[in-house]
Protein chains: 2
Amino acid sequence: MSTGSMPANEPPLRADARRNRRRLLDATIALVLEQGGEPSRDAVAQRAGTGVVTLYRHFPDQQSLLRAVVLDVVDRTIEQGELALAESATGGDAVRRYLHASIDTGLGVVNIVHGLLDDTAWPDRLAAARDLLDRLTEAARRDGAIGPDVGPTDLALASIRFCRPLAIGLDPDAERAIAHRQLDHYLDGLLDSGR
Amino acid sequence: MSTGSMPANEPPLRADARRNRRRLLDATIALVLEQGGEPSRDAVAQRAGTGVVTLYRHFPDQQSLLRAVVLDVVDRTIEQGELALAESATGGDAVRRYLHASIDTGLGVVNIVHGLLDDTAWPDRLAAARDLLDRLTEAARRDGAIGPDVGPTDLALASIRFCRPLAIGLDPDAERAIAHRQLDHYLDGLLDSGR
DNA sequence: ATGAAACGGAGTATAATCCTCCGTTTACTG
DNA sequence: CAGTAAACGGAGGATTATACTCCGTTTCAT
């Protein structure tokens, strides 16, 4: 269930294949976030520490790779969002926790890659994501954490903004730390928390 | 004085040359911000609405182009920052006004391009920029707008974060509007203004 | 009007990218 | 602990993008 986007009724993958598939997805996510566009096949394979052939075996064309990436990221993010909504004490906390999680899952890729896909092969996930954002907004509004001028779009745009690397040669750890810190300040302003 | 980065003791440029130079700089700034790396020559020329030759005539190699871009952006941003510092009622207001201005000048390019330059051909501007950030921080701290945990680095990183386009196919106007809105929320959190 | 400076389109050399063949290595099964 | 099938990676050729230049035309300044 938490295995990301695995089509269920397929012959089960061998262990190394499964590992490499995961690495390819992670490499693609990182490259898309860093460069903001379609990464080259060679670059993906190199980043993943795998041969180019492996990439082609798992994902015959760019479309299937990007589709898999989107499914993977969206699923992991929605999962985190549902947890946030279920376990947080207040609506504001849920929003806060969800956005921080979206930085770690790399949600930003979805919006970047979206325009490169010719089909919308995941209307269900899109609906689920929208619905999640709506419920997060609703919860925060009910608790008085946000005013009427703040909507689901603000949350979506925030996740895009803070997911993107700064592209100034920082190592991933520093990059993430900065993103979380900035997001916290942003949320301090967005949510009139406590005060 | 407000003509951007014009080397003073050179033969004066013809009117069309000056115009094209400006367009090339703007195109480069936009492309660097959108793609986060070295844009191709053809792309720059096309975006500027000029021929490739014109690009080569003004900037013989990539280095000179990037250097010119940095000088241009830094100068215009510093100018705005000094104005903000001089004319704002409070330190917090100065910080706010400076960061909003940096979105419009495109300051983000400097940090992105910085790593692509092999020399630091503008130690004076770098010093001036640092100094400006220090004075802005100092002013805001004196007015109680920021605590001791917020420093000049936060301002620099914020300008990078909010300068970068979201890369989701928005038109420039929408892009800028979102950036300003998000920056405002961020600053509401960063500066414990008023409250 | 005239000379000089600036311009753009077309074209070639170079580098990056895409994609496949095939011998080797790695994981599962009895 | 074999044996087999699946998965792997490096090398290489076809295709595409990028960098840069020649030269006839247009635009500006006097």
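Computed from heavy atoms alone, side chains included, the values below leave out hydrogens, waters and symmetry copies.
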* Counting only heavy atoms not in A/Gln46, do more than 12 fall under 6.0 Å of its CD? -> no

* Return yes when atom CZ of B/Arg130 has more than 12 non-hydrogen atoms of other residues, nucleotides or ligands closer than 6.0 Å, and no otherwise. => no

Could you tell me how far apart [X] ([atom1]) and [N] ([atom2]) are, to the nearest whole angstrom?
X	N	atom1	atom2	value
A/Tyr56	D/dA7	OH	P	19 Å
A/Asp61	C/dT17	CG	C1'	16 Å
B/Asn20	D/dT26	CG	C1'	13 Å
B/Phe59	D/dT21	CZ	C1'	19 Å
A/Arg18	C/dC28	CZ	C1'	14 Å
A/Leu55	C/dC19	CG	P	10 Å
A/Gln46	C/dT17	CD	C1'	13 Å
B/His58	C/dA6	NE2	C1'	8 Å

Please determine whether a side-chain nitrogen of the Lys or Arg among [X] and [Y] lies less than 4.0 Å from a carboxylate oxygen of the Asp or Glu.
X	Y	result
B/Asp93	B/Arg97	no
B/Arg96	B/Asp188	yes
A/Asp72	A/Arg76	yes
A/Asp26	A/Arg47	no

* Asked: Side chains of B/Ser102 and B/Thr77: do they bring a donor and an acceptor to under 3.5 Å?
  -> no

* **Which nucleotide in C/dG8, D/dC28, D/dG9 has an atom nearest any side-chain atom of B/Thr50** => C/dG8

* Starting at the 5' end of DNA chain C, which residue's closest nucleotide do you reach first, B/Val52 or A/Gln62? -> B/Val52

* Asked: Heavy atoms under 4.0 Å, any strand shown: does B/Arg41 hit a base, just sugar-phosphate, or nothing?
  -> sugar-phosphate

* Asked: Is A/Asp42 touching bases, backbone alone, or none of the nucleic acid, heavy atoms closer than 4.0 Å?
  -> base

Can you name the atoms? Protein N/O to nucleotides 21-24 of chain C N/O, anything below 3.5 Å, with the distance.
none

* To do: Decide yes or no, distance alone: a donor-acceptor N/O pair under 3.5 angstrom between the base of C/dA5 and the side-chain of B/Arg14.
  => yes

* To do: Nearest-nucleotide wise, let me know which of B/Arg19 and A/Gly49 is further upstream toward the 5' end of DNA chain D.
  => A/Gly49

* Asked: Are A/Thr54 and D/dG9 close enough that a side-chain N or O sits under 4.0 Å from OP1 or OP2?
  -> yes

